[in-house]
Protein chains: 2
Amino acid sequence: MKPKVTIEDIARLAGVSKATVSRVLNERSNVKAETRERVLRIMQEQGFVPSLAAAGLAGGRSRLVGVLAPPLTQPTVPEILRGVAEAIEHTDYEIVLYSTNAGQSPTTIVNRILALGLTSCLLVIQPGPLTPRLLQLASQGLPVVVIDDQGPSPELPSVGIDNCVSAYQATLHLIRLGYRRIAHLQGPAEFRCAQERYQGYRQALDDAGLPFDPALVFNGTFETSSGRTCAAALAALPPAARPEALFIANDQMAFGFLSAAEALGLRIPQDLAVVGFDDIPLSAHVRPTLTTIKQPFYEMGRNAVELLLSLLHGQSLQPTTGAEGGYQPPIRIQLPTRLVIRESCGALTLHRRQEQEHSLSDE
Amino acid sequence: MKPKVTIEDIARLAGVSKATVSRVLNERSNVKAETRERVLRIMQEQGFVPSLAAAGLAGGRSRLVGVLAPPLTQPTVPEILRGVAEAIEHTDYEIVLYSTNAGQSPTTIVNRILALGLTSCLLVIQPGPLTPRLLQLASQGLPVVVIDDQGPSPELPSVGIDNCVSAYQATLHLIRLGYRRIAHLQGPAEFRCAQERYQGYRQALDDAGLPFDPALVFNGTFETSSGRTCAAALAALPPAARPEALFIANDQMAFGFLSAAEALGLRIPQDLAVVGFDDIPLSAHVRPTLTTIKQPFYEMGRNAVELLLSLLHGQSLQPTTGAEGGYQPPIRIQLPTRLVIRESCGALTLHRRQEQEHSLSDE
DNA sequence: GCATAATATGAAACCGCTTTCATGTCAAGA
DNA sequence: TCTTGACATGAAAGCGGTTTCATATTATGC
């Protein structure tokens, strides 16, 4: 193996001390321009690249960001990570990936991560509530940014969307299409986003003056199976009691719903209109294609990295509690979502019908 | 922030030297059982976890494996990474993820990775040929394992499948279904796997005594658009000249083909049977669902990690060129694939028809 | 022209761990 | 009883950087 070029070699070749080379590396201002040039040139010639490990050790801060992610096969994750990777690339940081393969204690993982002393900050992609251990570490000063979901109250800096408003839009879309009895398949209560989506749904109903019927709210787990269960429940209903439309809290459940509905002879959107939430890749390919709220996953990844690094560089976006000691809620970056209209909501069908009627009356 | 517990603290508390603690950490044999117990207990009490960074620096080898991956949104990648992550989890190694967001020079990336001196080994998930730089480093002793594809000749230890046999099976499946004129949409020539799949296709034709018609082989890029182009080309053919079936070298292109075919009024599988290759998540959801060769991505990830670590631990699976200096090809782990029969090949339709005919003749 | 401050640089300590080498201990063999 | 090793442990030298503190050099003000 090639003997690695070290800072010492550079120093010798440039006729300066290690300290000076280090200064050049870290872009300190107090180095004579001439010296800097020379050192830089030699580094170039020698193909020198400083050891992150050594720098981290010595400097007490590393240039690795730990990324805590759920299993990568969860459909929203790759796109987020792509954003993260892209953002990281433009920096001199690297990613240490801790992908939790279902069923390990998150606390264990968090411990493992930090204790290593490799990473000095953490990016958490975690649906559902955060572990106490993580909160504890964060309160001890560890820079942490959470993507998307959080526990009951936002406790850490985060990047996400406005679930309530988005759900409102999804529901409103159904209302505008003329549906009156609109059901909701919600996510598990411990997910903040599930609650917010439910609220958005309720609000849209209220604002439209539509009655809220608790019997039309179904509980789900965010998993495909919940969609199937829900479909079965709806199919079992006497046709008269059946809702005209359904807002499902995530696409994953929507898939389960669509496939079960097909098997049960429930036609989407003719018998029942469906709107999902997430817009994961599959959503454009299921039959019928799924009308859904598009989450900007890629952008979320990018923004999370930027936020994390800015926290790290101590530009404390987080105005440190002033003299008055007032509580400052953690910073949150909220990205816009978009309603993607496809087949499952019936908008396209309605349009066509309207156009037909229109052209008929025209003639 | 909590002042990190160091090996020195443990040593003091246990009344031994740092060296001894280090020995315990590294499970060296020459430590009295009693001492080991005591040290371990103290480490436990103090919640001590050694710094990977320091260990790596001092020991000259790190416990980080660099994973070089294409953009995570490429559909085969997440599943591979899941396998990688799962395998890593059972070790005391961690993953440093270098995800290349399209369009950067791979050499640059490789340099960046290694120079950092963070990772002492590399897992490369890269479709297409390897960069010379990577080969050079590998020949200098850097442990590298490649997942799946390689350049014209296998130069590095790798984990993959037998593309030739798999393609043979895919084609044979079509032949057995009774198709005679079978076309092939192949991948780009610089991909070893593309060549091998083509060979498998040819071989199956030959063995079945079917004539090979060069006009039925189309060139693709492995991207969706190629599928569309191919569909257009086929649709333009006079019906008599049209093939009865098509083996497409990857699912991605197959999707393009299916969607374009639908638009062009080409019915799959009635007018043309299709078999793909990969079995990525979407394949079960497109219409018609895609019959395809399933690659064991998850297992590939796992196996790659295991192979890499065994190389690293110097158990040199790779019998070092003996005295006779004979050339030893790099080790390769080849995993089995499986033909997943869905709608696009027409097997289900045929079955049904046969059953119908059968029941008719029965009566 | 000289004191003073600002700037540039070097020497050495240190980050937390591994590893070599030397030392100390104790049991087996002579 | 005295070697001779095998075994257990400690002291200290790194690994490749960063950082503090001291020193040398140059610029500034009077």
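Order of the sequence lines sets the chain letters (A, B, ...), proteins ahead of strands, with each chain counted from 1. Computation of the quantities below employed the complete heavy-atom set of this structure, encompassing side-chain atoms and omitting hydrogens, waters and symmetry-equivalent molecules.
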Rounded interatomic separation in angstrom, taking CZ from A:R36 and C1' from C:dT7: 13 Å
Nearest-Å distance for atom pair CG/C1', residues B:D9 and C:dG16: 10 Å
Spacing of A:K32 atom NZ relative to C:dT9 atom C1', expressed in whole Å: 10 Å
Distance in Å, A:M300 CE paired with A:E79 CD, rounded so as to fall on 0.5 Å steps: 10.5 Å
Criterion side-chain contact (heavy atoms from CB on, under 4.5 Å) against A:L307, the qualifying member of A:L312, A:V159, A:L123: A:V159
Matching residue for A:V39 among A:I7, A:I10, A:L13 - test: side-chain contact (heavy atoms from CB on, under 4.5 Å): A:I10
Nearest atoms (heavy-atom pairs only) where A:I147 meets A:G301: CD1-CA, 4.1 Å
d(CD, B:E37; C1', D:dA8) in whole Å: 16 Å
First encountered from the 5' end of DNA chain D, between B:N30 and B:L57: B:N30
Steps toward side chain to side chain contact (heavy atoms under 4.5 Å, CB included) verdict (B:V65, B:V84): CA-CA 10 Å; B:V65 321; B:V84 170; 5.6 Å; no
Interatomic distance where CZ belongs to B:R12 and C1' belongs to C:dG16 [whole Å]: 14 Å
Summary of protein contacts for nucleotides 17-27 of chain D, nucleotide by nucleotide, where a base hit scores B, a sugar-phosphate-only hit scores S (4.0 Å, heavy atoms): BBBB-------
Working for side chain to side chain contact (heavy atoms under 4.5 Å, CB included), residues A:V305 and A:L308: CA-CA 5 Å; A:V305 168; A:L308 186 57; 5.7 Å; no
